[in-house]
Amino acid sequence: MFERTSGILLHIASLPGPYGIGSLGQNARQFVDFLEAAGQRYWQILPLVPVGLGNSPYMSTSSAAGNPLLIDLDALGELGLLTQEELNAVRVEDPDRVDYDFLNETRPALLRKAFDRAGDELRQAAQEFAKEQADWLPDYALFTALHSHFDAPLQEWPDKSLIRRTKKSVEQYTELLKEEVEFHIFLQYLFHSQWTGLKTYANQKGVFIIGDLPIYVSVDSADVWTHPELFRLGAGRVPKFVSGVPADAFSATGQRWGNPLYDWAYHEKTGFDWWCGRIRHCLAFYDVIRIDHFRGFDTYWEIPAEEETALVGKWKRGPGMKLIEAFREKVPEAEFIAEDLGELNDTARQFIKDSGLPGMRVMVDAFHDTWGESSFLPHNCPPDAVAYTGTHDTPTFVQWLMEQAPEDQKQFAMDYLRLRVEEGLGWGVISGAWATPCRLAVAPFQDVLGLGGDARMNTPGTVGDHNWSWRVRSEALNPDVSSRLRQITQTYRRFRPLS
């Protein structure tokens, strides 16, 4: 369990930088320096996996791969793999948004140039890395090469024997696309090397990484292609049922996520080996793992695949404590945070309690009941939970307070948190979260900066350019902000100098 500490939520893609998206390079290290100066012990990030539909990192083509868009280009220039002219050509003027269309048009060709110039030593190192990661990397590299070759999702590949992964078809296309497969292995080697260097730097500064583990994978993924037995699929790797949640505060028609659902009976027969292997893989990247949609291990919403919304569906039983016990037995060193938000029934609440994992208490949702006793109100938060001012799925606190909250809720929040506009509304809610009994408190960086709706990371149930694209400007990482955050952190006894 955590000591009394605090941290900041900021995705790697949201970091500043000249090439249209945050990266694993110098700006990431500068953010680590900022966190150290601000007295923060944790940096929480969103999934590092390749993005999928709607540029979402929760709809990835792989549960194990890293996102090549996050590779630091300047480091490739220092290795002599890219010229300064090539780097200048992909500089982006807009510092506030990730332009995924531009990145998808320009980045693959640029990275291919780097690969073509790589010498024998680098290529050999990449192949050795592939051997070390043999349980997923060669299959992922071939899947990604095929994705580009056919320019179509898995279920629409013209060669049906390849969808079924017959031995003959896999061998045929592995040889046909040999160079492209090596290219994608090379990118994963670069990503892993850069991430390992960044995480080592952070840990040496006393900053630890909280990574996010999406509970589901995309139907168009290497996981579905290589391990169909893990999922409830029909012919052609097409899911019979898909994931989502029924109508809730985010959507009157519910949320149809569309991920394939797991065959939990099969997972149980194997002792949950795939899941435990997934956790071990995450431990190479993160110090703590936040499990997204944790209640889905207890009960999950099953939507027939042909339904266009989440209105038609039913709750089904998940693996429950059997999975948690497998984690404890096979990966005892793993530390978790359970994302236990949303509408919970009695069994889900009991499951979360029985798991013994710290859940979440979110300040932006604490003031909806102005007469009751919300469990999210700071004085009701237990020590064994994590206090958040908001998450990647909520409005920023200032957006909720100034644009969305009914007047009675707004006044309740203002009175409870003693908010003053001249002080900064973001600092007020951070003080409220930092004052809770929770041993760990976390704030999205948008709340540290007191930003409104333009800085919201994601609006659940929607797909659009606004989602997943917000970026922070480099000038926000300044001593005034870090010193103010450090002062609040010291005041509420969350700061522990390294011995």
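For Asp273, the salt bridge (charged side-chain N to carboxylate O under 4.0 Å, His left out) partners are Lys330, not counting sequence neighbours. Under the rule for a side chain to side chain donor-acceptor pair (under 3.5 Å), the partners of Asn88 that lie at least two apart in sequence or sit in another chain are Gln84. Residues meeting the side chain to side chain contact (heavy atoms under 4.5 Å, CB included) test with Tyr266, sequence neighbours left out: Glu229, Leu230, Asp263, Thr270. With sequence neighbours left out, Ser161 forms a side chain to side chain donor-acceptor pair (under 3.5 Å) with Asp159. In this structure Ile352 satisfies the side chain to side chain contact (heavy atoms under 4.5 Å, CB included) test together with Phe294, Asp340, Leu344, sequence neighbours excluded. Listed by chain and residue number, Ser6, Thr489 satisfy the side chain to side chain donor-acceptor pair (under 3.5 Å) test with Gln40 (two or more places apart in sequence, or in another chain).
Side-chain atoms of Gln446 come within 3.5 Å of backbone N or O of Ala455 as a donor-acceptor pair. With Arg456 contributing its side chain and Asp393 its backbone, the two residues share a donor-acceptor pair below 3.5 Å. Of the possible polar contacts, one joining the Gln194 side chain to the Asp72 backbone as a donor-acceptor pair under 3.5 Å is found. With hydrogens and angles disregarded, a donor-acceptor distance shorter than 3.5 Å links the side chain of Thr462 to the backbone of Thr459. The backbone N or O of Leu162 lies less than 3.5 Å from a partner atom in the side chain of Trp225, making a donor-acceptor pair. The backbone N or O of Pro50 lies less than 3.5 Å from no partner atom in the side chain of Asn67, so there is not a single donor-acceptor pair. Judged purely by atom type and a 3.5 angstrom limit, Glu180 has no side-chain atom pairing as donor or acceptor with the backbone of Leu177. Put simply, the side chain of Arg97 gets close to the backbone of His466: a donor and an acceptor are under 3.5 Å apart. In this structure, Arg471 contributes its side chain and Val98 its backbone to no donor-acceptor pair below 3.5 Å. Of the possible donor and acceptor atoms, none in the side chain of Arg278 sits under 3.5 Å from a partner among the backbone N and O of Cys282.
Remark: the Tyr201 side chain and the Asp33 side chain contain an N/O donor-acceptor pair separated by less than 3.5 Å. For the residue pair Thr396 and Asp447, no side-chain donor N or O sits within less than 3.5 Å of a side-chain acceptor on the partner. Asp287 and Tyr42 share no side-chain donor-acceptor pair at under 3.5 Å. Checking Ser56 against Asn467 by side-chain atom types alone, no donor-acceptor pair falls below 3.5 Å. Checking Asp220 against His147 by side-chain atom types alone, a donor-acceptor pair falls below 3.5 Å. Counting only N and O atoms by type, the side chains of Gln155 and Trp157 include no donor and acceptor under 3.5 Å apart. Side chain to side chain, Thr196 and Ser193 fail the donor-acceptor criterion of an N or O pair below 3.5 Å.
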>> Determine whether Asp292 and Arg290 satisfy the following criterion, salt bridge (Lys or Arg N to Asp or Glu O under 4.0 Å), listing intermediate values before the conclusion.
In response: CA-CA 6 Å; Asp292 185 61; Arg290 192 200 82 124; 2.9 Å; yes
>> Is there a side chain to side chain contact (heavy atoms under 4.5 Å, CB included) between Ile215 and Glu339? Walk through the geometry before answering.
In response: CA-CA 10 Å; Ile215 187 173; Glu339 189 270 286; over 6 Å; no
> Under the salt bridge (Lys or Arg N to Asp or Glu O under 4.0 Å) criterion, do Arg232 and Glu302 qualify, and how do the steps go?
Replying inline: CA-CA 11 Å; Arg232 297 167 63 193; Glu302 176 191 87; 2.8 Å; yes
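Side-chain contact between Arg112 and Phe183 is present, with at least one heavy-atom pair separated by less than 4.5 Å. Inter-residue side-chain proximity for Tyr286 and Asp212 is flagged as unmet; no heavy-atom pair is nearer than 4.5 Å. At a threshold of 4.5 Å between non-hydrogen side-chain atoms, the residues Leu35 and Ile8 count as touching. Residues Phe241 and Ile303 fail the side-chain proximity criterion, which asks for heavy atoms closer than 4.5 Å. Looking at Met360 and Ile337, their side chains come closer than 4.5 Å, going by heavy atoms from C-beta outward. The shortest side-chain heavy-atom distance between Tyr173 and His149 falls under the 4.5 Å cut-off. Counting only heavy atoms from C-beta outward, the side chains of Glu335 and Ile289 never approach each other to under 4.5 Å. Phe31 is listed as a side-chain neighbour of Leu10, based on a closest heavy-atom distance under 4.5 Å.
Residues Trp275 and Phe297 bring their aromatic ring centres within 6.0 Å. In this structure, Phe186 has its ring center at least 6.0 angstrom away from the ring center of Phe129. Residues Trp43 and Phe208 keep their aromatic ring centres 6.0 Å or farther apart. Aromatic ring centroids of Phe285 and His281 lie under 6.0 Å apart.
Taking OG1 from Thr226 and CH2 from Trp136, the interatomic distance works out to 11.5 Å, rounded to the nearest 0.5 Å. Between the OG atom in Ser218 and the CE atom in Met59 there is a gap of 6.0 Å [rounded to 0.5 Å]. The structure places CZ of Arg237 at 8.5 Å from CD1 of Ile163, a figure rounded to the nearest 0.5 Å. Rounded to the nearest 0.5 Å, atoms CZ (Phe272) and CD1 (Ile324) are 9.5 Å apart. With rounding to the nearest 0.5 angstrom, the NE2 atom of His192 is 10.0 Å from the CG atom of Leu137. Gln127 CD to Glu182 CD: the interatomic distance, rounded to the nearest 0.5 Å, is 5.0 Å.
Taking the charged nitrogens against the carboxylate oxygens, Glu3 and Arg41 have no contact shorter than 4.0 Å, which rules out a salt bridge. In summary, Glu128 and Arg123 do not engage in a salt bridge, as defined by a charged side-chain N under 4.0 Å from a carboxylate O. Ion pairing of Arg439 with Asp384 is absent here, as no side-chain N (NZ or NE/NH1/NH2) approaches a carboxylate O to less than 4.0 Å. Between Arg165 and Asp139 there is a salt bridge, since a side-chain N of the basic residue sits under 4.0 Å from a carboxylate O of the acidic one. Using a cut-off of 4.0 Å between Lys/Arg side-chain N and Asp/Glu carboxylate O, Arg256 and Glu307 are scored as not salt-bridged.
More than 12 heavy atoms of other residues, nucleotides or ligands lie within 6.0 Å of CD in Glu306, so this atom counts as buried by the packing criterion. The local environment of CG in Asp151 is sparse, with at most 12 non-hydrogen atoms from other residues, nucleotides or ligands closer than 6.0 Å. Dense packing is recorded around NZ of Lys160, with more than 12 heavy atoms of other residues, nucleotides or ligands lying under 6.0 Å away. The local environment of CD in Glu333 is crowded, with over 12 non-hydrogen atoms from other residues, nucleotides or ligands closer than 6.0 Å. Within 6.0 Å of CD in Glu475 there are more than 12 heavy atoms belonging to other residues, nucleotides or ligands.
Taking the six-membered ring for Trp and thresholds of 30 and 60 degrees, Trp274 and Tyr262 have ring planes inclined between 30 and 60 degrees apart.
In summary, of the residues considered (Ser243, Ser60, Ser221), a side chain to side chain donor-acceptor pair (under 3.5 Å) with Asn259 occurs for Ser243 alone.
For Val219 against Pro260, the heavy-atom pair with the smallest separation is N-CD, 3.4 Å.
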